[in-house]
Amino acid sequence: MKLPPLEYACPASLSEAVALLASRGGDARAIAGGQSLMPMLAFRVVAPTLLVDLRKLPELREIKISADGVRLGAMVRWRDIEDDARLAAAHPLLKAAVEHVAHYQIRNRGTVGGSIAHADPAAEMPGICVTCDAEISVMGSNGARTIRADDFFVGALTTVLEHDEIITEITLPAWPAKRCWGFREFARRRGDFAMAAAALFYDQDANGRATNAHVGVIGLGDRPRRIPEVEAAINGQIVDEVLMERAAEITSANVEAQADIHASAEYRRSLAGTMLERALRDAATR
Ligand SMILES: Cc1cc2nc3c(=O)[nH]c(=O)nc-3n(C[C@H](O)[C@H](O)[C@H](O)COP(=O)(O)OP(=O)(O)OC[C@H]3O[C@@H](n4cnc5c(N)ncnc54)[C@H](O)[C@@H]3O)c2cc1C
């Protein structure tokens, strides 16, 4: 289907972009890589009267790595993350998860900000943000604010963003040199959205016991979620085979899952447990 008629603007400053979005009272949309928005326009899922292109805002394209963590500008593409060798040490979990995002052409255009704003429950980046306690910086006509990832996602394709707010940056807290982590995903084909995925990390105390466990699942319910029951089971323990199997059982018993044409809710819960067990096995060997 062809796109509906609409106006297009390509502002050269963030303030201008915000003003343009605000000028239409909810009838304007930012466009980043267009990989989700263009199909939605073609299928008339959304019908804005104005598109505000963010591509001429170079300040949104930077990847900054410091002692405080990794800061990704909203217009950073999947390809940029893939190509940035520094991220292998600075945030290996992010790098591993992004390898599962979409296909070559989409990875050349799709952005982290677009993914977060789109809030697909099966997308990898929102899941990494929730698992890692990311902070999302936004700018709107009422000024800048920072939102915890856990508070940002409200439901499928729904966030707390106001219509005139633009995501500017995503901050992932610093990643220590020694950390156990794992990411496992099951998709129908390589590059498809996750049917179920598990992202996790933990640190170890002097006795090799796990501390600071963060465990998230992707693709099951209406948004990515941490699983506190599994985190509690891991913390203070040596991560061995028995614990891995138990963690998988706790996951399948505690996650909320939705059925769709690809899988029943029960299958997805079971798959989540399997992904989690494998991710935990990877973590224990890293
Ligand atoms: C065939 C196919 C397969 C895919 N597979 C996967 C996959 O496996 N995993 C995955 O995670 N994704 C997948 N995607 C989606 C892809 O990763 C998109 O890049 C992503 O969802 C949106 O990014 P975008 O930059 O293209 O955003 P756009 O399509 O430009 O915008 C998406 C939404 O975000 C809003 N938006 C964009 N940028 C901002 C901003 N800075 N501030 C506020 N709002 C903003 C737009 O207004 C729009 O509502 C797939 C897409 C396709 C077409």
Side-chain angles (χ1 to χ4, degrees), residues 3 6 8-11 14 17-18 20-22 24 26-43 45-57 59-62 72-82 94 96-130 136-140 144-145 147 152-153 156-170 183 185-197 199 218-219 223-224 262:
L3 299 189
L6 42 73
Y8 170 85
C10 194
L14 187 57
V18 168
L20 281 163
L21 287 178
R24 297 289 168 106
D27 274 343
R29 283 260 182 164
I31 181 162
Q35 299 303 293
S36 299
L37 187 55
M38 294 302 273
M40 289 202 301
L41 289 168
F43 285 110
V45 176
V46 290
T49 56
L50 171 67
L51 285 187
V52 179
D53 197 334
L54 305 180
R55 75 189 161 89
K56 285 195 182 157
L57 306 177
E59 67 270 36
L60 302 190
R61 292 198 181 275
E62 289 180 62
L72 302 170
M75 291 295 283
V76 166
R77 304 165 307 156
W78 309 124
R79 178 66 186 275
D80 301 323
I81 293 175
E82 189 180 350
L94 167 72
V98 165
E99 280 173 18
H100 292 263
V101 177
H103 315 279
Y104 187 75
Q105 292 85 345
I106 294 157
R107 296 165 65 78
N108 275 338
R109 286 184 174 270
T111 65
V112 293
S115 178
I116 303 285
H118 187 55
D120 191 308
E124 288 81 2
M125 192 65 202
I128 291 300
C129 287
V130 168
I136 296 159
S137 303
V138 307
M139 175 64 82
R145 62 179 178 135
I147 306 156
F152 186 81
F153 302 101
L157 310 188
T158 313
T159 72
V160 297
L161 268 186
E162 300 290 341
H163 71 264
D164 62 352
E165 283 183 322
I166 292 173
I167 299 171
T168 52
E169 194 171 72
I170 294 124
F183 184 87
E185 172 171 322
F186 187 86
R188 290 169 66 238
R189 291 164 302 198
R190 176 92 192 166
D192 279 7
F193 281 100
M195 279 177 70
I218 298 165
R223 70 193 108 150
H262 302 306

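No experiment lies behind these values; they were computed from the predicted model shown. Start at 1 and go down the list; that is how both ligands and their atoms are numbered.
At a 3.5 angstrom cut-off on N or O pairs, R29 counts as close to ligand 1. The N/O atoms of D192, backbone and side chain alike, include one that comes under 3.5 Å of an N/O atom in ligand 1. Between A123 and ligand 1, not a single N/O pair is under 3.5 Å apart. Any N or O atom pair closer than 3.5 Å counts here, and I166 shares no such pair with ligand 1. Taking any N or O of G33, backbone or side chain, at least one lies under 3.5 Å from an N or O belonging to ligand 1.
Between R190 and H100, the shortest heavy-atom distance links the atoms NH1-CE1, 3.9 Å. Between A32 and M75, the shortest heavy-atom distance links the atoms CB-SD, 3.6 Å.
If you number the atoms of ligand 1 from 1 as listed, the ones under 4.0 Å from a heavy atom of Q35 come out as 18 (C), 19 (O), 26 (O), 29 (O), 53 (C). Counting the atoms of ligand 1 from 1 in the order shown, those under 4.0 Å from a heavy atom of T111 are 19 (O), 23 (O), 24 (P), 25 (O). Residue I31 has at least one heavy-atom neighbour below 4.0 Å for each of these atoms of ligand 1: 30 (O). Every atom of ligand 1 is numbered from 1 in the order shown, and the set under 4.0 Å from a heavy atom of L161 is 43 (C). The distance from ligand 1 to the heavy atoms of G110 drops below 4.0 Å at these ligand atoms: 19 (O), 25 (O), 26 (O). For ligand 1 and W78, the ligand atoms under 4.0 Å from any heavy atom of the residue are 17 (O), 19 (O). Of all atoms in ligand 1, listed by their number and element, those nearer than 4.0 Å to a heavy atom of A74 are 41 (N).
Residue contacts with ligand 1 for L37 involve both N, CA, C or O and side-chain atoms from C-beta outward (heavy atoms, distance under 4.0 Å). Within the 4.0 Å heavy-atom criterion, the part of L54 lying near ligand 1 is the side chain and not the backbone.
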(request) Verify side chain to side chain contact (heavy atoms under 4.5 Å, CB included) between I81 and V101, making sure each step is shown before the conclusion. (result) CA-CA 11 Å; I81 293 175; V101 177; over 6 Å; no
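Put simply, part of H100 is less than 4.0 Å from ligand 1, judged by heavy atoms. Distances from ligand 1 to the non-hydrogen atoms of M125 include no value under 4.0 Å.
For the pair N108 (side chain) and Q105 (backbone), a donor-acceptor distance under 3.5 Å is absent.
Of all protein heavy atoms, the one closest to atom 27 (O) of ligand 1 is G114 CA, 3.5 Å. Nearest protein heavy-atom contact of atom 9 (N) of ligand 1 is E124 OE1, 2.7 Å. Ranking the protein heavy atoms by distance from atom 43 (C) of ligand 1 puts I167 N, 3.6 Å first. Ranking the protein heavy atoms by distance from atom 1 (C) of ligand 1 puts I106 CD1, 3.4 Å first. If you check which protein heavy atom lies closest to atom 13 (C) of ligand 1, you get F193 CZ, 3.1 Å. Given atom 28 (P) of ligand 1, the protein heavy atom at minimum distance is G34 N, 3.4 Å. Ranking the protein heavy atoms by distance from atom 7 (C) of ligand 1 puts A102 N, 3.4 Å first. Of all protein heavy atoms, the one lying nearest to atom 20 (C) of ligand 1 is S36 OG, 3.4 Å.
Screening E99, E82, Q35 against R107 for a side chain to side chain donor-acceptor pair (under 3.5 Å) leaves a single residue, E82. Among the candidates I170, T168, I167, the single residue satisfying the side chain to side chain contact (heavy atoms under 4.5 Å, CB included) test with S137 is T168.
When P126, G191, A194 are checked for heavy-atom proximity to atom 8 (O) of ligand 1, G191 turns out nearest.
Side-chain contact between T159 and I147 is absent, with no heavy atoms from C-beta onward closer than 4.5 Å. A 4.5 Å side-chain heavy-atom check between Y104 and R79 finds at least one atom pair inside the cut-off. In this structure, D27 and L50 have side chains that are not in contact, with every pair of non-hydrogen atoms separated by 4.5 Å or more. Taking 4.5 Å as the limit, some side-chain heavy atom of L72 sits within range of a side-chain heavy atom of L94. Considering only heavy atoms from C-beta on, L51 comes within 4.5 Å of L37 through its side chain.
Atom CG of residue D192 and atom NE2 of residue H103 lie 5.0 Å apart, to the nearest 0.5 angstrom.
With sequence neighbours left out, the side chain to side chain donor-acceptor pair (under 3.5 Å) criterion links D53 to Y8, R55.
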Between side-chain atoms of residues 109-129 and protein atoms elsewhere (two or more places apart, or another chain), which donor-acceptor pairs fall under 3.5 Å?
unit_1: T111; atom_1: OG1; unit_2: G114; atom_2: N; d: 2.9
unit_1: D120; atom_1: OD1; unit_2: A122; atom_2: N; d: 2.8

